[in-house]
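For ligands, and for the atoms within them, numbers begin at 1 and follow the listed sequence.
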Amino acid sequence: MSEAVAVAHPNIALTKYWGKRPGAGRFPAVPSLSVTLAGLSTRTRVRFDQALAADRVVLNGVPADGEVEARAVELLARVRAASGDPRFAEVETRNDFPTASGLASSASGFAALALAAAKASGLAWDAARVSDLARQSSVSAARSLFGGYVELDAGTVAGGSPASDFLAARPIAPGGHLPLAVLVCVTSEGAKAIGSTTGMQTTLNESPYAEAWLSHAPRLHARLRAALLARDFAAMGALAESSALAMHASAIAAGVVYWTGATLEALQAVRGLRAAGVLAFATVDAGPHVKILVQPEDAARVKATAGAVPGVRRVIEASIGEGACIDATAAGVRAEAGVEAAKAS
Ligand code: PMV
């Protein structure tokens with residue numbers, strides 16, 4: 001088969017990956033634990049075609065910009081190297097959620113691209129190998145291959161060189177283990193000022209708190225993982241908020257400031273909710289938007305509060321979702337059409 005369609009969902013890190021391991025490759029310096037979101041998706045079609053003279057990448061109906069295209073082409077080149085099939089590919093990818101929503105479209109985008117490209121090129125890879133492929137384009141994308149709660153270890157270094165070149169995420173609990181709702185408080189519509197790759201590099205190179213972050217993050221991760229496995233929502237939420245605050249504190253000290261006034265207003269509103277007895281916790285990624293973690297029964301009330309915060313433009317509600325998958329119907333229809341065409345000729 002030389003064509004496949006994959007669907008993947010964004011994920012929100014409860015313990016943050018922030019910083020790459022020294023040396024070559026895209027390996028995280030700290031472990032992370034995320035939850036995959038339902039209801040928001042990226043759908044990607046990959047078609048390898050011998051008539052193409054170069055890869056073509058179309059994102060939301062228009063040619064992808066230089067950096068996104070370059071990263072997609074790198075991924076396709078890795079797939080060609082693995083499959084031995086030299087054909088170029090046409091990639092059509094579309095997000096059904098707003099690009100400036102603060103939901104990392106690179107996570108769902110590269111997860112869907114990795115899965116569709118591996119499938120279209122006939123590689124019989126399991127989800128872990130596809131996760132490793134996605135990680136090489138965007139670390140957070142490695143986690144979107146799986147549903148529910150997902151963990152990604154830090155990249156290991158042994159004797160100054162990588163102990164292994166393979167690093168995949170793995171699912172650690174289904175969403176039903178500890179249900180939660182994520183309320184994405186959208187505070188601005190523009191693209192973020194500092195990309196995450198630059199932001200994390202600057203943090204590790206220039207922050208006086210870089211060492212503190214690198215040693216503290218794994219401890220927070222181990223505690224949050226234990227709280228999740230114990231189904232302790234209050235402890236898990238508090239640790240998720242701590243992880244985000246520690247990540248941003250280290251970044252801010254290097255001049256990497258993603259927050260705006262609206263970010264602080266929303267964080268304050270979350271503290272106000274807790275003071276009123278509601279179990280609500282905040283997390284913030286490499287942007288100004290605040291994501292509130294609540295138990296599903298509190299979602300409606302907290303959404304109303306969040307929507308009234310000055311500077312919050314709208315609130316998107318998401319629940320826990322599934323891992324990336326191949327849309328067999330889409331690929332099947334085309335494959336069958338191809339078989340019919342071949343028979344007719
Ligand atoms: O993998 P990237 O380049 O999309 O970086 C993700 C960074 C954070 O979203 C801030 C944290 C995370 O673990 O997803």
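If you check the side chains of Thr42 and Asn95, you find a donor sitting under 3.5 Å from an acceptor. Counting only N and O atoms by type, the side chains of Trp213 and Ser207 include no donor and acceptor under 3.5 Å apart.
With Arg143 as reference, Ser32 is the one residue of Ser32, Ser138, Pro171 to meet the side-chain contact (heavy atoms from CB on, under 4.5 Å) rule. For the side-chain contact (heavy atoms from CB on, under 4.5 Å) with Tyr149, the lone residue among Thr36, Asn11, Leu33 that qualifies is Leu33.
Of the candidates Ser144, Ala142, Pro31, Ser196, Ser196 brings a heavy atom nearest to atom 3 (O) of ligand 1. Residue nearest to atom 14 (O) of ligand 1, selected from Met247, Arg143, Arg135, Lys16: Arg143 (by heavy-atom distance).
Nearest to atom 9 (O) of ligand 1 among the protein's heavy atoms is Asp285 OD1, 3.5 Å. Among all protein heavy atoms, the one lying closest to atom 7 (C) of ligand 1 is Tyr17 O, 3.7 Å. From the protein, the heavy atom lying nearest to atom 2 (P) of ligand 1 is Ser140 OG, 3.5 Å.
Residue Ser106 has at least one heavy-atom neighbour below 4.0 Å for each of these atoms of ligand 1: 4 (O). Within ligand 1, the atoms closer than 4.0 Å to a non-hydrogen atom of Val139 are 1 (O), numbered from 1 in the order shown. Heavy-atom contacts of Ala286 reach the following atoms of ligand 1: 10 (C) (cutoff under 4.0 Å). In the vicinity of Ala13, heavy-atom distances shorter than 4.0 Å reach the ligand 1 atoms 12 (C), 13 (O), 14 (O).
Within the structure, the closest approach of Ser138 to ligand 1 falls below 4.0 Å when heavy atoms are considered.
By the criterion of side-chain heavy atoms lying less than 4.5 angstrom apart, applied directly or through intervening Ile, Leu, Val, Met, Phe, Trp or Tyr residues, Trp125 is not grouped with Phe166; the two fall into different hydrophobic clusters.
Taking a cutoff of 4.0 Å between a charged side-chain nitrogen and a carboxylate oxygen, Arg135 and Asp132 qualify as a salt bridge.
Within the 3.5 Å criterion, the main-chain N or O of Ser41 finds a donor-acceptor partner in the side chain of Asp96. Under a 3.5 Å cut-off, the side chain of Ser243 and the backbone N or O of Lys16 do form a donor-acceptor pair.
Every N/O-N/O distance between Thr15 and ligand 1 stays at or above 3.5 Å.
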